[in-house]
Every structure is written in C-alpha cells, then in structure tokens.
Amino acid sequence: MFSTFNINYRSREPIYQQIYNEVVKEISLGLLTPQEKMATVRELATSLGINPNTVSKAYQMLEQSGYIYSAVGKGTFVSDNSEKLAGMKENSMRELKKSIRTAYNIGIEYDDVIGAVKEVYNGGAADYA
C-alpha cells in the first residue's frame with residue numbers, strides 16, 4: 001500500500017505530476033499490482049509531507065488515465081492495465097530507438113547517449129521531459 005516514491009521537491013516538475021509518474025512506474029514494474037489498495041490521499045500526503053490537495057490531484061489524473069479506480073466506502077485500487085502498459089512500453093521503445101537513431105545521425109557520441117540514459121534512470125528524467 002505504501003511505496004517509497006522518488007519525489008524531488010526542488011524539481012521544476014510539479015509534485016502531483018511526480019506522484020503520477022511514480023505510480024505509473026510502480027504499476028508498470030509490478031510493484032503495485034491490479035486490485036491492490038492504494039494509500040488514502042491523507043496517508044500519502046502525510047507520509048510525503050505535502051498538501052492532501054496535491055495527492056488528490058495526482059489521484060484524479062491517475063483515475064482519468066485508467067490506472068486506478070475508486071470504490072465508494074472501500075478506497076482506491078490499482079486497475080488492471082496490462083494491455084495499456086504493454087502498448088505504452090512498445091511505443092516508448094519505438095520512440096527511444098528513433099531518438100537514438102537521430103542522435104547517431106547527427107554525431108552524438110555513444111558515451112553521451114549512455115550517460116543520458118544513466119542520468120534519466122538515476123532521477124534526472126524531468127530534465128528530458
């Protein structure tokens with residue numbers, strides 16, 4: 001139910017967007033599984049030390065995107081998004097390969113591309129958004 005989200009309070013990316021991205025990432029990695037109960041807005045806000053309205057906005061976006069759903073009186077749960085996530089991963093890989101091909105064609109060095117990948121995977125993703 002509780003995850004350790006990687007929230008960067010100094011980032012230009014809004015905190016609600018970071019929460020959204022972290023939940024999507026945890027769902028895609030299988031850390032949050034279909035039908036798993038999510039932390040309440042208040043619980044997550046308290047654990048992150050942020051305003052509940054920020055978490056509420058992230059949850060609303062996640063629900064609109066179909067990643068989570070609410071059941072009145074029961075809580076918020078992870079939706080089954082396996083097909084959606086598979087399509088997103090496929091599209092992301094296609095876009096990544098296209099970007100790498102462009103980088104290669106304009107002379108960006110291999111080590112620079114690998115460095116960019118490492119930077120993104122180590123928390124610098126907002127710089128490339």
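Nothing fancy with the numbering, it's 1 onward along the sequence.
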Query raised in the report: Under 4.5 Å between any side-chain heavy atoms of Val55 and Glu43, yes or no?
Result: no

Report task. Compare all side-chain heavy atoms of Ile15 with those of Leu48 and state whether any distance is below 4.5 angstrom. Result -> no

**Report entry** Side chain proximity check, Gln35 to Tyr69, heavy atoms < 4.5 angstrom
**Finding:** yes

Query raised in the report: What salt bridge (Lys or Arg N to Asp or Glu O under 4.0 Å) pairs are there with at least one residue in residues 95-112, not counting sequence neighbours?
Result: none

Requested in this report: For residues Tyr67 and Tyr20, determine if any side-chain heavy atom of one lies less than 4.5 Å from a side-chain heavy atom of the other.
Outcome: yes

Query - Pair Asn6, Gln18: side-chain N/O donor-acceptor within cut-off below 3.5 Å - result: no

Query raised in the report: Measuring from Tyr9:OH to Ser11:OG, what's the distance to the nearest 0.5 Å?
Result: 12.0 Å

Report task. Using atom types as modelled and distance alone, determine if a side-chain donor or acceptor of Ser56 lies under 3.5 Å from a backbone N or O of Pro52. Result -> no

**Report entry** Cluster overlap Met61 with Ile19, hydrophobic side-chain contacts below 4.5 Å
**Finding:** yes

Query raised in the report: Quick check: are there more than 12 heavy atoms from other residues, nucleotides or ligands sitting under 6.0 Å from OH of Tyr110?
Result: no

Query raised in the report: So, Lys74 side chain and Lys37 main chain: donor-acceptor pair closer than 3.5 Å or not?
Result: no

Requested in this report: Classify the side-chain pair Thr33/Glu36 by whether it contains a donor and acceptor separated by less than 3.5 Å.
Outcome: yes

Query raised in the report: So, do Lys25 and Asn21 sit near enough that their side-chain heavy atoms are less than 4.5 Å apart?
Result: no

**Report entry** In one Ile/Leu/Val/Met/Phe/Trp/Tyr side-chain cluster, 4.5 Å: Ile100, Ile114
**Finding:** no

Report summary line: Output for pair (Arg42 CZ, Ser47 OG), nearest 0.5 Å, gives 13.0 Å

Report task. For residues Arg94 and Asn91, determine if any side-chain heavy atom of one lies less than 4.5 Å from a side-chain heavy atom of the other. Result -> yes

Query raised in the report: Between Lys89 and Ser28, what is the shortest heavy-atom contact and its length?
Result: NZ-O, 3.2 Å

Query - Separation of Glu13 CD from Ile7 CD1 (nearest 0.5 Å) - result: 8.5 Å

Report summary line: Between Leu62 and the options Ile27, Val78, Thr76, Val23, the side chain to side chain contact (heavy atoms under 4.5 Å, CB included) test singles out Val23

Report task. Answer yes if Val41 and Tyr16 sit in the same cluster of Ile, Leu, Val, Met, Phe, Trp and Tyr residues linked by side chain heavy atoms under 4.5 Å apart, and no otherwise. Result -> yes

**Report entry** Heavy-atom neighbours of Tyr104 OH exceed 12 at 6.0 Å
**Finding:** no

